[in-house]
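Inspection log for the structure reproduced underneath, given as structure tokens.
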Amino acid sequence: MLDGYVAAIVAGPVSMSPLDWICPLLAIDADAFNHGGTPEFAAIPAVALRHNDISNTLSTAPDRFAPMHRRKPSRDVDPRPWCQGFYAAMRLKLSAWAPLLDAGNVNHGLLLPILLHCRDDQGRPLLGPPRSGRETKNFLRNAHADIPAAVEALRQYWMPIRYARAR
């Protein structure tokens, strides 16, 4: 989950202060940044390093970006925790993500490989129930393979907004 969360922070529509995203991620308050020697303080630079790793990879070698997905006992990839982490970070600034949440937006599909693995607060599929059938089952089994490209495409989509130059 942490990896997905941090990837959304890196690739998302707005730059955020580390306090604004690390504190909710680690369930700590901002004061933890001021007290060395605690487990909370130790976790902060670890999260910041992962942020920097993802950012550097997407900036210099986006084809090498690889989400840290959990494996099921069958050894199949389980992208759900990573995707839920990504969505949790989106929820911090959901209004900024709103253009891509509109199904009428041609770029809405950039989020699909991620959101189709997410659940709402009631445990229901975020995008509604999947269609029944073998095609859907096969699609869902392999959709995680599209996540690295989707994250880079999201980063590119938001870049002109996020890094707009002062005129």
Could you list the residues that satisfy side chain to side chain donor-acceptor pair (under 3.5 Å) with D76, not counting sequence neighbours? S74
With sequence neighbours left out, write down each residue that passes side chain to side chain donor-acceptor pair (under 3.5 Å) with D102, or none if nothing qualifies. none
Between [X] and [Y], is any pair of side-chain heavy atoms under 4.5 Å apart?
{"X": "I44", "Y": "I28", "result": "yes"}
{"X": "L115", "Y": "L101", "result": "yes"}
{"X": "I147", "Y": "H69", "result": "yes"}
{"X": "L111", "Y": "W97", "result": "yes"}
{"X": "R50", "Y": "V47", "result": "no"}

Quick check: does any side chain N or O of D146 sit under 3.5 Å from a backbone N or O of P113, one acting as donor and the other as acceptor? no
So, taking the atom named CG in N34 and the one named CZ in F41, what distance separates them when rounded to the nearest 0.5 Å? 8.5 Å
Nearest 0.5 Å please: distance from the CZ atom of R64 over to the OG1 atom of T57. 6.5 Å
Result block: side-chain N/O donor-acceptor pairs under 3.5 angstrom for residues 79-92, not counting sequence neighbours:
unit_1, atom_1, unit_2, atom_2, d
R80, NE, D78, OD1, 2.8
R80, NH2, D78, OD1, 3.4
R80, NH2, D78, OD2, 2.9
W82, NE1, D3, OD2, 2.8
Q84, OE1, R119, N, 2.3
R91, NH1, D121, OD1, 3.0
R91, NH2, D121, OD2, 3.4

Residues passing the salt bridge (Lys or Arg N to Asp or Glu O under 4.0 Å) test with R134, sequence neighbours excluded, are none
Is it the case that one hydrophobic cluster holds both [X] and [Y], taking links as side-chain heavy atoms less than 4.5 Å apart, direct or via other members?
{"X": "L94", "Y": "M1", "result": "no"}
{"X": "L126", "Y": "Y5", "result": "yes"}
{"X": "V106", "Y": "I114", "result": "no"}
{"X": "V6", "Y": "L26", "result": "yes"}
{"X": "I9", "Y": "I161", "result": "yes"}

side-chain contact (heavy atoms from CB on, under 4.5 Å) for L112 and L127? Distances and angles first, verdict last. CA-CA 9 Å; L112 293 181; L127 299 178; 3.7 Å; yes
May I ask you to check whether over 12 heavy atoms, not counting those of R71, lie within 6.0 Å of atom CZ? yes
Just list the side-chain donor-acceptor pairs under 3.5 Å for residues 150-160, sequence neighbours left out, or say none.
unit_1, atom_1, unit_2, atom_2, d
E152, OE1, R155, NH1, 3.1
E152, OE2, R155, NH1, 3.3
E152, OE2, Q156, NE2, 2.8
R155, NH1, L58, O, 3.4
R155, NH2, S59, OG, 3.4

With a 3.5 Å cut-off and sequence neighbours excluded, list the donor-acceptor pairs that the side chains of residues 13-21 form with protein atoms.
unit_1, atom_1, unit_2, atom_2, d
S15, OG, R162, NE, 3.2
S17, OG, L19, N, 3.2

